[in-house]
2 protein chains.
Amino acid sequence: MPYDPSAFPPFAVTVDLVVLTVRRHALCALAVRRGESPFQGRWALPGGFVRADEDLSQAAARELAEETGLRAHDPDAPAQEGGAHLEQLATYGDPKRDPRMRVVSVAHLALAPDLPAPRAGGDASNARWAPVGELLAQGGYGRDGEPVAPLAFDHAQILSDGVERARSKIEYSSLATAFCPPEFTVGELRRVYEAVWGVALDPRNFHRKVTGTPGFLVPTGGTTTRQGGRPAQLFRAGGATLLNPPMLRPEV
Amino acid sequence: MPYDPSAFPPFAVTVDLVVLTVRRHALCALAVRRGESPFQGRWALPGGFVRADEDLSQAAARELAEETGLRAHDPDAPAQEGGAHLEQLATYGDPKRDPRMRVVSVAHLALAPDLPAPRAGGDASNARWAPVGELLAQGGYGRDGEPVAPLAFDHAQILSDGVERARSKIEYSSLATAFCPPEFTVGELRRVYEAVWGVALDPRNFHRKVTGTPGFLVPTGGTTTRQGGRPAQLFRAGGATLLNPPMLRPEV
DNA sequence: ATCATAGTCGTCTGCCTGACGATAAACACT
DNA sequence: AGTGTTTATCGTCAGGCAGACGACTATGAT
């Protein structure tokens, strides 16, 4: 068929972000309150339109910086200090997902260390870190007992897919270090796994596994007692991005 | 920000397909010859525009049916007879990936049993199954010695991502059965793994692994000698879609 | 001093994998 | 009929890794 501009319908293309972090032993996602219709006043994932001259990953990195101030890393690079892991998640294009027009959203997944309070256009009340269980509890009640409305659009599905991606990916990669500060202890890394998977892991077996995998953790020489108890060695993420054999997620 | 149609640029959205199959002990992908500019005469992945009222997966299933006659399965369902596995792969949106205009392509991955000759608008010379190594050999030479031009657009990257997805996914899922006919032998399934991974596997250990995993294979009671040698039991894919512990891919 | 907390090193047992021997059942020759 | 070839299937054995858990260490809190 010849090139004919009228042969295809125009779409709007957006990026939506699933930004995950671990706070107070819980897996949390960044949510912003919608200020406009549709779904006005409801919580949603941060996101926005892709600009005319922008690549998808550029648009995602820009949105991430606008919402959190974080700089994004290359997805293939190991976790480094002061930035977030960012990767494409999936694309959502149901014709009815946005009642205004035909919008295709390329969702991205970002993993960040614990951050100070989020900002959304400088207005803190319009952005928050919320435990993913709370955001996904359809028609349930939040931590403080207030009723929680479901996320706007198909964002519950997107968030759910993002959480599942994170849960499975830390099994066989060093991605869990993206939730940690530049230097961290084995115990802090273990608590990341426990929060993301929602299980308890044996500290001794976990210690053996992560320290026994060559290239996964590099000791920095320092120690810390910020968790209480005996001082723990500090590590940074090593060059190994793949964990083989993988960390086994306990049965449900 | 208020709703303003001028606030976002229009995009064209397409689906491109990485259709993989195993033929003659080699992993092959479906390629179609472009009849128009740009990249006229070059090989490309099949694909087309998403229609105005179509979901992305619908568009991918439609394109798959148009190019191969295959019906697509639900990605979450186990492999069934007479259809192909179809799942979303990734989305490619570099501003310069199509010189004509801004096109975002949502690539999908399809896995199919060995098929009769492909058809592309009824013209067999414009569609073929080609070994993926041949399609990805940049500036190399094909099986018959003719020079091979790289795939059009960024399709080499898309194909490469699709092959990598297939290679990793058969490790921990029953997806390899999607390459097999409805009833198959353990040996045929092993040859799928060998073709996709490009390695040789021990027949005895492979047999122990797949028959020892509950719910993975269900014997049908029949036997066949279509591979020569001693008759082999016939199986169909069981309900288990996840392989735990995974099939280990030998070191490179 | 004693306790609570967290980190780190070992041990043991069972399961799974890789390597590989042995047998079985078909077909193709001679 | 016998012999070789091919493929399927069952068994055995050693090594590695994970789960369960004991023991000890080094901090801060009471």
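Here is how names work: the chains are called A, B, and so on, in the same order as the sequence lines, proteins then strands, and each is numbered from 1.
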Peer 1: Whether B/Arg191 contacts D/dA8 is assessed here as follows: a side-chain N or O lying under 4.0 Å from the phosphate OP1 or OP2. Is that the case?
Peer 2: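 So the side chain of B/Arg191 is within the cut-off, an N or O lying under 4.0 Å from OP1 or OP2 of D/dA8.
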Peer 1: Which sits closer to the 5' end of DNA chain D, B/Glu188 or B/Asn205, going by the nucleotide each is nearest to?
Peer 2: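 With B/Glu188 and B/Asn205 compared, the 5'-side residue is B/Glu188.
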Peer 1: Would you say A/Tyr92 and A/Asp16 are linked by a side-chain donor-acceptor pair, where the criterion is simply a distance under 3.5 Å?
Peer 2: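 Judged by distance alone, the side chains do not pair up.
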Peer 1: Side chains of B/His85 and B/Glu87 only: does a donor on one sit below 3.5 Å from an acceptor on the other?
Peer 2: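 Yes - a donor-acceptor pair under 3.5 Å links their side chains.
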Peer 1: Could you tell me how far apart A/Glu171 (CD) and D/dC17 (C1') are, to the nearest whole angstrom?
Peer 2: 16 Å
Peer 1: Once you round it to whole Å, what is the distance between C1' of C/dA6 and CG of A/Leu189?
Peer 2: 15 Å
Peer 1: Picking from A/Thr223, A/Thr185, A/Val186, what satisfies side-chain contact (heavy atoms from CB on, under 4.5 Å) with A/Leu234?
Peer 2: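 Answer after filtering A/Thr223, A/Thr185, A/Val186: A/Thr185.
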Peer 1: How long is the line joining CG of B/Leu201 and C1' of C/dC20, in whole Å?
Peer 2: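 Atom-to-atom, B/Leu201 to C/dC20, this comes out as 16 Å.
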Peer 1: Hey, is A/Glu134 close enough to A/Arg128 for a salt bridge, meaning N to O under 4.0 Å?
Peer 2: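 Salt bridge between A/Glu134 and A/Arg128, a charged N being under 4.0 Å from a carboxylate O: yes.
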Peer 1: Could you tell me how far apart A/Met247 (CE) and D/dA18 (P) are, to the nearest whole angstrom?
Peer 2: 9 Å
Peer 1: OP1 or OP2 of C/dT8 versus the side-chain N and O atoms of A/His207: is any pair under 4.0 Å?
Peer 2: yes
Peer 1: Calculate the interatomic distance between B/Phe235 atom CZ and D/dT9 atom C1'; express it in whole Å.
Peer 2: 10 Å
Peer 1: In this structure, how many angstroms lie between the C1' atom of C/dC15 and the CG atom of A/Leu248, rounded?
Peer 2: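 One finds 12 Å between C1' of C/dC15 and CG of A/Leu248, rounded.
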Peer 1: Ignoring hydrogens and geometry beyond distance, is the side chain of A/Arg230 in donor-acceptor contact with the base of D/dA26 at under 3.5 Å?
Peer 2: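 In this structure, the two groups form no donor-acceptor pair.
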Peer 1: Would you indicate what B/Arg190 reaches in the nucleic acid, counting non-hydrogen atoms under 4.0 angstrom: base, sugar-phosphate, or nothing?
Peer 2: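 Sugar-phosphate contact only.
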Peer 1: Whole Å only: how far is the CG atom of A/Asn244 from the P atom of D/dC17?
Peer 2: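 Result: 10 Å.
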Peer 1: Would you say a side-chain N or O of A/Lys209 is under 4.0 Å from OP1 or OP2 of D/dC17?
Peer 2: no
Peer 1: Using only heavy-atom distances, decide whether a donor-acceptor pair under 3.5 angstrom links the side-chain of A/Asp202 to the base of D/dA18.
Peer 2: no
Peer 1: Between B/Arg204 and B/Arg208, name the one whose nearest nucleotide on DNA chain C is closer to the 5' end.
Peer 2: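 By nearest-heavy-atom nucleotide position, the 5'-most residue is B/Arg208.
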Peer 1: Distance check needed: D/dA8 P versus B/Leu234 CG, whole Å only.
Peer 2: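 So the CG-P distance, B/Leu234 to D/dA8, works out to 11 Å.
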Peer 1: Hey, which sits more toward the 5' end of DNA chain D by its nearest nucleotide, B/Ala232 or A/Gly228?
Peer 2: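 Its nearest nucleotide being more 5', the pick is B/Ala232.
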Peer 1: Please compare A/Gly229 and A/Thr211 by the position of their nearest nucleotide in DNA chain C and report the one closer to 5'.
Peer 2: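 Mapping each residue to its closest nucleotide by heavy atoms, the 5'-most match is A/Gly229.
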Peer 1: Where the side chain of B/Gln233 is defined as all heavy atoms beyond and including C-beta, which of D/dT9, C/dT17, C/dT8 is the nearest nucleotide?
Peer 2: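 The nucleotide sitting nearest to the side chain is D/dT9.
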Peer 1: Would you indicate whether the side-chain heavy atoms of A/Leu89 and A/His108 approach each other to under 4.5 Å?
Peer 2: no
